[in-house]
Amino acid sequence: MSSALLADLRARGLVFQVAGEDELPAWLDGGSRTLYCGFDPTADSLHIGSLVPLLMLRRFQDAGHRPLALVGGATGLIGDPSFKAQERQLNTPDVVAGWVEKLKAQVSRFIDFEAGERSAEVVNNLDWTAGMDVLSFLRDVGKHFSVNAMIQKESVKQRLEREGAGLSYTEFTYMILQSYDFSELNRRHNCSLQIGGSDQWGNITGGIDLTRRVNGEKVFGLTMPLITKADGTKFGKTESGTIWLDARRTSPYAFYQFWLGTADADVYRFLKYFTFLPVVEIDALEQADAERSGRPEAQAVLAREVTRLVHGDEGLSAAQRITEALFSGELGALSAEDFAQLRQDGLPASTLSLSALPDTLTQLLTEAGMAASGKQVKDALGRNAVLVNNAAVGWDANAEPARVFCAESALFGRYFLVRLGKKKYHLFELG
RNA sequence: GGAGGGGUUCCCGAGUGGCCAAAGGGAUCAGACUGUAAAUCUGACGCGAAAGCUUCGGUGGUUCGAAUCCACCCCCCUCCA
């Protein structure tokens, strides 16, 4: 059963490095095992960078194992230096504690807590570090670590070698804390496998070594590859910033759109990473797309699957509803109820008062958040890239917002759907 | 504690008295071409509709004029102790 899991993970390209490679398949096949992955609270929500590990926990659970999601209430107070170019600023304990609670809830949506023996659990490393005193830490944990070995780790090397950067003792200690987590989870929960992103390799092997020394236990590690894009730009960022898992930060519609915009060169790989679709199905889809000319179907499948995983069926249908309405080019087909629904569904929207319009369109659209500055709106207006209810508006109208936004041209007497560029929409409702 | 090197517009990085709102690259935004893809080409890119206003770690100073010179302060890095 479980060596089948490993084979599938490999086929998906999800296995980057394995510690204990020779024995891992047999160990997994030998029964229901406990594994963990850590998520540090660096914000009040995880972003899609955490999606691969989260789904990985689920993949293991579906294969009969027991996942622990560790939320780093302690490590989040320290900051992981791994492959970070600079020292990070510390957040206050109460802020981190608040984020821990948010992440707990978020993480919980991806794993099953009602699965009998393989039921998932959320743990917090603050539980076993908060009460520890410095001397115990130094004598019982720190003594097992060789600084000579620690400074050899790739993850901190650039910080140690690079001119203009540095590494505080605090962040340097991060590795020890995370290693201690592994040994504690091994002791408390018989957890014997840690998974994480490839940047976590140094921390994971540190934990493996410590667990062997203090518990005398052989434990395993597995890392997933860094998600890259074919064009070399960073995955997970877009014009409007990070793609978050929290619907309040990134609406299901924006989330769906993000995946829909995946490049052809990346989409089949992403399907393997981010969905539970069988590899053979994905390969078949790739084949079909290649044989057909024109637009591939893969992006739509990817967007649908991932949006459903993160936002559920409701989030998905809201996202699809908006997408359909906006990109079908048939605004006329929308009813007044549809507009109300779009706003409900998370289409960026705001209320407009005809009697209190700003002096210029640039002001109006900038304030609505459609562009970062008036210059961008100006540029768009000058290129006929602003459409109000599907009618192009030119730069000459900039000083006369009242001409564009008048009661007569409002759809259903109250709606203005403004499009800036190809993809940015904003709904104004008279109020 | 000592010596040296740094802090420039989102990032990297030029700029050492006026020609600097500040080269170049990246990112980003818009246009063309397309398939809400990529690549390519074009334009924008401190704020402002404009007049104009505000920037080069901070505070003062020199000067007709300072990112550039001076003083003090803050922060970072390297080496020595």
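This is a predicted model, so every value here is computed, not measured.
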Exercise for review: Could you measure between the two P atoms, the one in U55(B) and the one in C10(B), and give it in whole Å?
Suggested key: 14 Å

Point to revise | P spacing across the pair G1(B) / C69(B), given as an integer number of angstrom | key: 27 Å

Practice item. Could you work out the separation of A71(B) and G52(B) based on their P atoms and round it to a whole Å? Key: 37 Å

Practice item. Check the side chains of T42(A) and D40(A) for a donor-acceptor pair under 3.5 angstrom, ignoring hydrogens and angles. Key: no

Practice item. Output the residues of residues 268-301 of chain A in contact with RNA chain B, where contact means a heavy atom of the residue under 4.0 Å from an atom of the strand; sort by number or write none. Key: R295(A), P296(A), Q299(A)

Point to revise | Value in whole Å for how far the P atom of C29(B) lies from CG of D379(A) | key: 12 Å

Check your understanding: Under 4.0 Å between a side-chain N or O of K375(A) and OP1 or OP2 of A49(B)?
Key -> no

Review point. Above 12 or not: heavy atoms from other molecules or residues under 6.0 Å from CZ of R292(A)?
Key: yes

Check your understanding: Taking atom types as modelled and ignoring hydrogens, do the side chains of Q200(A) and N203(A) form a donor-acceptor contact shorter than 3.5 angstrom?
Key -> yes

Check your understanding: Can you tell me how far P of U36(B) sits from CD of Q320(A), to the nearest Å?
Key -> 17 Å

Review point. Between C75(B) and U59(B), how far is it from one C1' atom to the other, in whole Å?
Key: 15 Å

Practice item. Identify whether any heavy atom of A399(A) sits under 4.0 Å from a base atom; if not, whether one sits that close to sugar-phosphate; answer base, sugar-phosphate or nothing. Key: nothing

Review point. U36(B) base to K424(A) side chain: any donor-acceptor pair below 3.5 Å?
Key: no

Point to revise | Atom pair distance, as rounded to whole Å: CZ in F258(A) and C1' in A37(B) | key: 13 Å

**Study point:** Length of the CZ-P vector between R383(A) and A44(B), whole Å
**Key:** 8 Å

Review point. Between T362(A) and A49(B), is there a side-chain N or O to OP1/OP2 distance below 4.0 Å?
Key: yes

Practice item. With RNA chain B as reference, determine whether Q257(A) or L420(A) sits nearer its 5' end, using the nearest nucleotide of each. Key: L420(A)

Exercise for review: Answer yes if the side chains of T205(A) and K153(A) hold a donor-acceptor pair under 3.5 Å, and no otherwise.
Suggested key: yes

Study note, to complete from the structure: Taking a pair to mean Watson-Crick or G-U wobble geometry with both distances below 3.5 Å, C72(B) pairs with G58(B)

Study note, to complete from the structure: Paired to U78(B) by Watson-Crick or G-U wobble criteria (both distances under 3.5 Å) is A3(B)

Point to revise | Pairwise P distance, G57(B) and C11(B) [rounded to whole Å] | key: 13 Å

Check your understanding: Do F182(A) and Y36(A) have ring centres separated by under 6.0 Å?
Key -> yes

Practice item. Pick base, sugar-phosphate or nothing for D264(A), based on heavy-atom distances below 4.0 Å to the nucleic acid. Key: base

Check your understanding: Taking the inter-plane angle between the rings of F172(A) and Y169(A) on a 0 to 90° scale, is it parallel (under 30°), tilted (30 to 60°) or perpendicular (over 60°)?
Key -> tilted

Point to revise | Gap in Å between the two P atoms, one belonging to C53(B) and one to U62(B), rounded | key: 23 Å

Review point. If the P atom of A44(B) is compared with that of G58(B), how far apart are they to the nearest Å?
Key: 30 Å

Review point. In Watson-Crick or G-U wobble terms, both distances under 3.5 Å, what is the partner of C19(B)?
Key: none

Exercise for review: Classify the nucleic acid contact of L361(A) as base, sugar-phosphate or nothing, counting any heavy atom under 4.0 Å across all strands shown.
Suggested key: nothing

Check your understanding: Under 3.5 Å, is there a donor-acceptor pair linking the side chains of T75(A) and N125(A)?
Key -> yes

Check your understanding: Salt bridge or not for E337(A) and R321(A), using N-O below 4.0 Å?
Key -> no

Practice item. Looking at every strand, decide which applies to T262(A) at a 4.0 Å heavy-atom threshold: base, sugar-phosphate, or nothing. Key: sugar-phosphate

Point to revise | Counter-base of G46(B), judged by Watson-Crick or G-U geometry with both distances under 3.5 Å | key: C53(B)

Check your understanding: Is A265(A) touching bases, backbone alone, or none of the nucleic acid, heavy atoms closer than 4.0 Å?
Key -> nothing

Exercise for review: Write down the distance separating the P atoms in G31(B) and A37(B), rounded off to the nearest Å.
Suggested key: 11 Å

**Study point:** Q17(A) versus S198(A), side-chain donor and acceptor atoms under 3.5 Å
**Key:** no

Point to revise | Whole-Å distance separating the CG atom of D231(A) from the P atom of U40(B) | key: 10 Å

Exercise for review: To the nearest Å, give me how far apart NZ (K423(A)) and C1' (G35(B)) are.
Suggested key: 11 Å

Point to revise | Residue whose closest nucleotide on RNA chain B lies nearer the 5' end, A380(A) versus S373(A) | key: A380(A)

**Study point:** Atom pair OG (S108(A)) and CZ (F110(A)), whose distance is rounded to the nearest 0.5 Å
**Key:** 10.0 Å

Exercise for review: Return the nucleotide paired to A38(B): Watson-Crick means purine N1 to pyrimidine N3 with N6-O4 or O6-N4, wobble means G-U with N1-O2 and O6-N3, both under 3.5 Å.
Suggested key: none

Practice item. Check the distance between G35(B)'s P and D266(A)'s CG and give it to me in whole angstrom. Key: 20 Å

Review point. A49(B) P sits how many Å from L364(A) CG, rounded?
Key: 12 Å

